[in-house]
Amino acid sequence: MEDPKKLSPLDRKYLIAGLVGEYEYLCHDDAEDGDMTPAEHYAKLITCSDAELLEDSDLVDSPYVDAKDFYETHSSHVPSEYWVE
């Protein structure tokens, strides 16, 4: 059985990009001076462990089917340089 805390490289990309998009969505209407830029948030996320990404996305306990579903839900807010193709 696969370790649920271990992501494939593609799922990791989906979660990182999806988390960038989710953050951009949340900051869009209520931006504050201390908010991270997409580049700053991406730089932070790529240093996170798989377990931290799963926790931040709440993927395990969410209605999302998988990491790709999480990404696709937030993809309209993901800056183009972070798109997963």
Side-chain angles (χ1 to χ4, degrees):
M1 182 173 172
E2 285 189 39
D3 181 357
K5 300 282 187 196
K6 181 74 175 142
L7 298 169
S8 72
L10 182 58
D11 283 344
R12 187 172 170 80
K13 288 179 185 181
Y14 280 136
L15 282 186
I16 290 170
L19 285 165
V20 169
E22 179 185 50
Y23 185 79
E24 288 304 294
Y25 169 75
L26 294 172
C27 292
H28 181 264
D29 290 333
D30 195 20
E32 296 182 13
D33 290 339
D35 290 344
M36 289 182 280
T37 65
E40 291 169 334
H41 195 207
Y42 178 81
K44 176 185 170 269
L45 290 170
I46 62 171
T47 66
C48 291
S49 69
D50 290 352
E52 290 169 320
L53 292 173
L54 287 165
E55 183 178 331
D56 286 351
S57 66
D58 197 28
L59 188 64
V60 175
D61 295 321
S62 74
Y64 302 108
V65 175
D66 55 21
K68 185 177 181 182
D69 185 38
F70 178 82
Y71 167 75
E72 289 174 347
T73 299
H74 301 290
S75 64
S76 64
H77 299 283
V78 175
S80 62
E81 61 265 34
Y82 305 112
W83 287 351
V84 179
E85 299 184 36

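The chain is numbered in sequence order, starting from 1. What you are looking at is a predicted structure, and each value in this text was computed from that prediction instead of being measured.
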Heavy-atom pair with the smallest gap, counting every atom of Val20 and His41: CA-ND1, 3.8 Å

Between Val78 and Ala17, what is the shortest heavy-atom contact and its length? CG2-O, 3.2 Å

More than 12 heavy atoms from other groups under 6.0 Å of OH on Tyr42: no

Supply the atom-to-atom distance Ser8 OG to Asp66 CG, rounded to the nearest 0.5 angstrom. 9.5 Å

Just wondering, do Asp56 and Leu15 contact through their side chains at under 4.5 Å, heavy atoms? no

Which pair of heavy atoms, one from His77 and one from Glu24, lies closest together, and at what distance? O-CB, 3.6 Å

Scanning both residues in full, the closest heavy-atom pair of Leu45 with Leu19 reads CD1-CB, 3.7 Å

Which atoms form the tightest heavy-atom contact between Tyr71 and Trp83, and what is the distance? OH-CA, 3.4 Å

Without swapping roles, check the side chain of Arg12 against the backbone of Lys6 for a donor-acceptor pair under 3.5 Å. no

Ignoring hydrogens and geometry, is there a side-chain-to-backbone donor-acceptor pair from Asp50 to Leu7 under 3.5 Å? yes

Atom CE in Met36, atom SG in Cys27: separation rounded to 0.5 Å? 7.5 Å

From CD1 (Ile16) to CG (Asp11), nearest 0.5 Å: 11.0 Å

Determine whether Leu59 and Tyr25 fall in the same hydrophobic cluster, where Ile, Leu, Val, Met, Phe, Trp and Tyr are linked whenever their side-chain heavy atoms lie under 4.5 Å apart. no

Rounded distance [0.5 Å steps], OG1 in Thr47 versus CD in Glu52: 7.5 Å

Once you round to the nearest 0.5 Å, how far does CD of Glu22 lie from CG of Asp58? 9.0 Å

Measure up the Tyr64 and Phe70 rings against each other and bin them: parallel (under 30°), tilted (30 to 60°), perpendicular (over 60°). perpendicular

Could you tell me which non-hydrogen atom of Asp35 sits nearest to which non-hydrogen atom of Glu40, and how far apart they are? O-OE1, 4.2 Å

